[in-house]
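Structure first, commentary second.
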Amino acid sequence: LYNKETEWRNTFKGRVMSRDEVFALGKHEMLEHVAAFGKVSAREWEHKLHDSIWEAVAREAMEEVYLEAAKGAASSSEFKTRMDVRLLEWARDGALPALCVRISHDMLMTEFTRILR
């Protein structure tokens, strides 16, 4: 608020604005940015989120889950069982959900920053 007030004073020396007017001006500017944020389609969000999460988990998913489950599996049903167990362990230990939340937060902040610029 102080920055907006100072900016207004320095730009328009003859016009004095009250704090309420400066607040309304700042609120309007923020709402314009939020509206721009809403112009990103759900499909774009989903695609960006999918790509970000896959980039972060691909190595571990392939090496620690898929390849480890494939080692020594005598049949496809044994492989599927091992995969299910490994995926469940990965999800239950909290590492995967925490990683997904962190990645989602980072992506959201990146997009928000990009839109504000």
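Hydrogens, waters and symmetry mates are skipped; everything else that's a heavy atom, side chains included, is used.
Lys48 pairs by the side-chain hydrogen bond (donor to acceptor under 3.5 Å, both in side chains) definition with Glu111, not counting sequence neighbours. Shown here are the side-chain hydrogen bond (donor to acceptor under 3.5 Å, both in side chains) partners of His105, two or more places apart in sequence or in another chain: there are none. Residues that satisfy the side-chain hydrogen bond (donor to acceptor under 3.5 Å, both in side chains) test with Glu63, not counting sequence neighbours, are Arg59. Qualifying side-chain contact (heavy atoms from CB on, under 4.5 Å) partners for Ser52, counting only residues two or more places apart in sequence or in other chains: Ile103, Met107.
Taking each heavy atom of Ile53 and Cys100 in turn, the nearest pair found is CG2-SG, 4.0 Å.
Between the CG atom in Leu49 and the CD atom in Glu44 there is a gap of 13.0 Å [rounded to 0.5 Å].
Residue pairs meeting the ring-ring contact (aromatic ring centres under 6.0 Å, His included) criterion with at least one member in residues 80-103, sequence neighbours excluded, do not occur. Note on residues 48-67: pairs passing ring-ring contact (aromatic ring centres under 6.0 Å, His included), not counting sequence neighbours, are Tyr66-Phe79. For residues 91-103, the side chain to side chain donor-acceptor pair (under 3.5 Å) pairs, not counting sequence neighbours, are Arg102-Asp106.
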Going by atom type alone, with no hydrogens or angles, which donor-acceptor pairs under 3.5 Å involve a side-chain atom of residues 81-88 and a protein atom two or more places apart or on another chain?
unit_1: Thr81; atom_1: OG1; unit_2: Ser77; atom_2: O; d: 2.9
unit_1: Arg82; atom_1: NE; unit_2: Glu78; atom_2: OE2; d: 3.4
unit_1: Arg82; atom_1: NH1; unit_2: Lys71; atom_2: O; d: 2.3
unit_1: Arg82; atom_1: NH2; unit_2: Glu78; atom_2: OE2; d: 3.0

